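Below is one structure; the comments refer to it alone.
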Amino acid sequence: MNREFRLYNTLTKKVEPLSLIEPGHLRFYSCGPTVYSYAHIGNFRSFLTADLILRTAQALGWKTTYVTNITDVGHLTNDDMIDASGEDRMASALQSSAGERFANVWDLSRHYSAALQSDWQTLNLLEPDVRPRATEHIREQIQTIERLLSCGAAYQTSSGVYFSVESFADYGKLSGNKAAESLELAVRDVVVDPEKKDPRDFALWKKDADHLMQWHSPWGWGFPGWHIECSVMAQAYLGDEIDLHAGGEDLIFPHHECEIAQSEALTGRPFSRHWAHTRFLQVEGQKMSKRLGNFLTVKDLVHERGVPPLAVRLALISGQYRKPFNFTFATLRDSERHVKRFREAFRLAKEAHDRGAEGSSTIAETLKNRHQAVLNALLDDLNTPAAIAQALGGVRTILQSRNQLGVHAYSFMNHVSDLLGVVPQTADLRNQSLRMALGVGKPEGSIPKNDVPQNSRIEELIQARTVARNARDFATADKIRDELLKMNIVIEDSASGTSWHKKSNI
RNA sequence: GGUGACGUGGCCGAGUGGCUAGGCAGAGGCCUGCAAAGCCUUGUACGGCGGUUCGAAUCCGCCCGUCACCUCCA
């Protein structure tokens, strides 16, 4: 079957099939964050877009080479500032109250990049083939700048090296920001390097012997401009011409526009065939900001508020990446419920598989169709809401036909898991809080703190309630249940006994 | 001022010239000692005004509203 993977291309403003330079092999670069604080859910919405693209490509049987960087150079908050001793994001993070514990910017970036990778795993994102760091590619960046200078695309001033936008006719083809005037129109109260030839020109190298991070270059001590690192690292690991480049919508301009200018000025070939950008999310209808107190990180949600990580993941992909998305706690609660259904369906399917059940052929057919529908939805510009609806349709089939399941159900759940990454796979996660406290299995849910004594107390109460129920003393049994509820413990009776879970506080 | 996106039922969110998206919440039922979970049934819709058409939520125009980028941001 011939299958196209259709994605919106920012460059052509159309949804079009990914066309690969080498058939069957996707070369893909996704812009990672600057590690000056904990990554927030908005960062992860964007990383999840890349993750889903990767999973979909792999489901098509494509080979993938996936590179996503870590920006660990503290770039200036404004490219035009001549006073380079001024604000730099990592330097200001170091001076903030959260930054006090770090010895220096290197220590700070190490801490936050470790945190990023931990959150990455928590949300079940696939590992990239390479995760390069800007600071480990300074030499290549310097070499690239030298080449840009020698081919006339860049020039030097007393404060740095700039890319000459005038020398690159296609500047603006990605963002539509072609007019130099539009950049001048914007009111700016910053100092502009008076030696710049064109206001659109951007820095490739900043000369600064006082900057917290600095390297030696042919132009003296200093540090590279923001845009050059991605051009250099993409080329180093993926070649001059790549298939797909992704990032958040804010990167369209200036970052990606500048990357195109640098790379194409150098090679004379298209830098990336396809560009995919993820829209910003809002939180409860408002722009996410520290000031409004709605600045959510994975760390807050999972480790402080006890939200199951896969519920966070599901909530973040419940809207299509290209549409405005409003992240709400109501969505998060829905997602938590759905993750439970996925888990239960997986458990039933695995049971059927383990006992080698053949199951109903009608159900096998239904699930096979559902699986195709999930994949088709993703192939259609990553239509995650439709894909999730199809996956839940299959889950419903499994839950309502639990006695007729066979290996096909297990296969369906594994396909869904591979595609969407929202299926908890630990064999039996009932009483998971207890299991975690006892160090059994890998936690999928909340992380209780120092809970072992509390957990044995819960088990005692449940046992007492079972005794009361067996004696048909329901008054006592209900009293115990109320007591547990006050401890934020919800119980469920079933044929195989009573299980419990913590009420998440969202 | 420039560029782009979006407005679907109580809520979140697909779809798209005639054919049920899905979920959450609500209502009724099955199950249960009672709950919870699960299962079954179920109502409500396409921002406004024009136009094209046999027929438009779906195409076109205008208007209203929301958001984003152009300045650090995923």
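Residue numbers start from 1 in every chain, and the chains themselves are labelled A, B, ... in the order their sequence lines are given, proteins ahead of strands. The model shown is predicted, which means the values in this text are computed figures rather than measured ones.
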**Message:** Suppose you measure atom C1' in B:C54 against the same atom in B:G1; what distance do you get, rounded to whole Å?
**Reply:** 46 Å
**Fill in**
Closest non-hydrogen atoms of A:L420 and A:V374, given as atom of the first, atom of the second and distance, are CD1-CG1, 4.4 Å
**Request:** To the nearest Å, give me how far apart CD (A:E257) and C1' (B:U3) are.
**Result:** 12 Å
**Item:** Base-pairing assignment for B:A35 (Watson-Crick or G-U wobble, both under 3.5 Å)
**Value:** none
**Message:** Students often get this wrong, so: under 4.0 angstrom with heavy atoms, is A:H277 touching a base, only sugar-phosphate, or nothing?
**Reply:** nothing
**Item:** Distance below 4.0 Å between A:R396 side-chain N/O and B:G23 OP1 or OP2
**Value:** yes
**Complete:** From the list A:R322, A:E249, A:H277, side-chain hydrogen bond (donor to acceptor under 3.5 Å, both in side chains) with A:T10 holds only for A:H277
**Request:** Test for a donor-acceptor pair under 3.5 Å between the base of B:G15 and the side chain of A:N383, counting only N and O atoms.
**Result:** no
**Request:** For A:S175, report the nucleic acid contact type (base, sugar-phosphate, nothing); a contact means any heavy atom under 4.0 Å.
**Result:** sugar-phosphate
**Prompt:** Which part of the nucleic acid does A:T331 contact within heavy-atom distance under 4.0 Å: base, sugar-phosphate only, or nothing?
**Reply:** sugar-phosphate
**Request:** Between B:C70, B:A68, B:C39, spot the one nearest the side chain of A:R341, thanks.
**Result:** B:C39
**Message:** Can you tell me which nucleotide in B:C34, B:G38, B:A36 comes closest to the side chain of A:D493?
**Reply:** B:C34
**Taking every non-hydrogen atom, the tightest pair across A:N383 and A:Q320** = CA-CG, 4.2 Å
**Request:** Under the side-chain contact (heavy atoms from CB on, under 4.5 Å) rule, what do A:F329 and A:L301 come out as? Steps first, then yes or no, please.
**Result:** CA-CA 10 Å; A:F329 282 94; A:L301 291 171; 4.0 Å; yes
**Request:** Could you state the atom-to-atom distance from CG of A:D482 to P of B:A36 in whole Å?
**Result:** 13 Å
**From B:G13, B:C24, B:C6, nucleotide with atom closest to A:K323 side chain** = B:C6
**Item:** Watson-Crick or G-U wobble mate for B:U66, both contacts under 3.5 Å
**Value:** B:A5
**Request:** Provide the Watson-Crick or G-U wobble partner of B:G10, both distances under 3.5 Å; none if there is no partner.
**Result:** B:C24
**Message:** Base, sugar-phosphate or nothing for A:Q320? Non-hydrogen atoms, less than 4.0 Å.
**Reply:** sugar-phosphate
**Prompt:** Which one, B:G7, B:C34, B:A74, comes nearest to the side chain of A:R469?
**Reply:** B:C34
**Asked** With respect to the side chain of A:F325, which nucleotide from B:G15, B:G13, B:G38 is positioned closest?
**Response** B:G13
**Message:** Need one value for A:R337: base, sugar-phosphate or nothing, where a base atom within 4.0 Å counts as base even if backbone is also close, heavy atoms only.
**Reply:** sugar-phosphate
**Request:** Can you sort out the partners of A:Y321 under side chain to side chain donor-acceptor pair (under 3.5 Å), two or more places apart, ordered by chain and number?
**Result:** A:D381
**Message:** When you measure from the side-chain N and O atoms of A:W226 to the phosphate of B:C73, is any distance below 4.0 Å, counting only OP1 and OP2?
**Reply:** yes
**Message:** In whole Å, measure the gap between the P atoms of B:A25 and B:G18 for me.
**Reply:** 32 Å
**Fill in**
Atom CD of A:Q282 and atom P of B:C12 are separated, to the nearest Å, by 12 Å
**Fill in**
Of the listed B:A74, B:G38, B:A14, the closest approach to the A:P33 side chain comes from B:A74
**Short side-chain donor-acceptor distance under 3.5 Å, A:D493 and A:T498** = yes
**Prompt:** Partner of B:C59 by Watson-Crick or G-U wobble geometry, both contacts under 3.5 Å, or none?
**Reply:** B:G51
**Span that lies between the P atom of B:G23 and that of B:C62, in whole angstrom** = 39 Å
**Message:** Taking only the C1' atom of each, what is the distance from B:G48 to B:A68 in whole angstrom?
**Reply:** 24 Å
**Prompt:** Which is true for A:I388 with a 4.0 Å heavy-atom rule: it touches a base, it touches only sugar-phosphate, or it touches nothing?
**Reply:** nothing
**Request:** Answer with base, sugar-phosphate or nothing: what part of the nucleic acid does A:L399 contact at a heavy-atom distance below 4.0 Å?
**Result:** sugar-phosphate
**Asked** Going by modelled atom types, is there a donor-acceptor pair between the base of B:A35 and the side chain of A:R481 at under 3.5 Å?
**Response** yes
**Message:** As a test of reading the structure: which of B:C12, B:A36, B:A14 is closest to the side chain of A:P385, going by heavy atoms?
**Reply:** B:A14
**Request:** Looking only at side-chain atoms of A:F474, point me to the closest of B:G33, B:A21, B:C12.
**Result:** B:G33
**P gap between B:G7 and B:G15, integer Å** = 10 Å
**Prompt:** With distance as the sole criterion, do the side chain of A:R333 and the base of B:C24 form a donor-acceptor contact below 3.5 Å?
**Reply:** no
**Asked** Reckon A:R370 touches a base, only the sugar-phosphate, or nothing at all at heavy-atom distances under 4.0 Å?
**Response** nothing
**Prompt:** What about the rings of A:Y38 and A:Y112, do their centers lie closer together than 6.0 Å?
**Reply:** yes
**Request:** Can you tell me the distance, in whole Å, between the CG atom of A:N43 and the P atom of B:A74?
**Result:** 5 Å
**Message:** Under 4.0 Å from OP1 or OP2 of B:U66: is there any side-chain N or O of A:K287 that close?
**Reply:** no
**Asked** Rounding to the closest angstrom, what is the interatomic distance between B:A56 and B:C49 at atom P?
**Response** 14 Å
**Message:** Would A:R133 and A:D72 count as a salt bridge (Lys or Arg N to Asp or Glu O under 4.0 Å) here? Give the steps.
**Reply:** CA-CA 7 Å; A:R133 289 164 184 276; A:D72 55 356; 3.8 Å; yes
**Prompt:** Are the ring of A:F280 and the base ring of B:A74 both nearer than 5.5 Å at their centres and tilted by less than 30°?
**Reply:** yes
**Prompt:** Which nucleotide, B:A74, B:G38, B:C24, lies nearest any side-chain atom of A:S46?
**Reply:** B:A74
**Prompt:** B:A74 C1' sits how many Å from A:R322 CZ, rounded?
**Reply:** 17 Å
**Item:** Spacing of A:Y8 atom OH relative to B:G4 atom C1', expressed in whole Å
**Value:** 8 Å
**Request:** Considering only atom C1', compute the distance from B:A57 to B:G13 and round it to an integer number of Å.
**Result:** 16 Å
**Request:** If B:G43 has a Watson-Crick or G-U wobble mate with both distances under 3.5 Å, name it; if not, just say none.
**Result:** none
**Request:** Take atom CD of A:Q390 and atom P of B:U20, then tell me their distance rounded to the nearest Å.
**Result:** 14 Å
**Toward the 5' end of RNA chain B, by each residue's nearest nucleotide, A:R402 or A:A389** = A:A389
**Request:** State whether a side-chain donor-acceptor pair under 3.5 Å links A:E459 with A:W500.
**Result:** yes
**Fill in**
Atom NE2 of A:H338 and atom C1' of B:A25 are separated, to the nearest Å, by 12 Å
**Message:** I'd like to know if A:K340 and A:E344 make a salt bridge, using a cut-off of under 4.0 Å between side-chain N and carboxylate O.
**Reply:** no
**Message:** So A:G42, base contact, sugar-phosphate only, or nothing? Heavy-atom distance under 4.0 Å.
**Reply:** base
**Message:** For the P atoms, the ones on B:A74 and on B:G61, what distance do you get once it is rounded to whole angstrom?
**Reply:** 36 Å
**Asked** Base, sugar-phosphate alone, or nothing: which one does A:K13 contact when heavy atoms must sit under 4.0 Å apart?
**Response** sugar-phosphate
**Message:** Assuming nearest nucleotide by heavy-atom distance, tell me which of A:D334 and A:D478 is located more 5' along RNA chain B.
**Reply:** A:D334
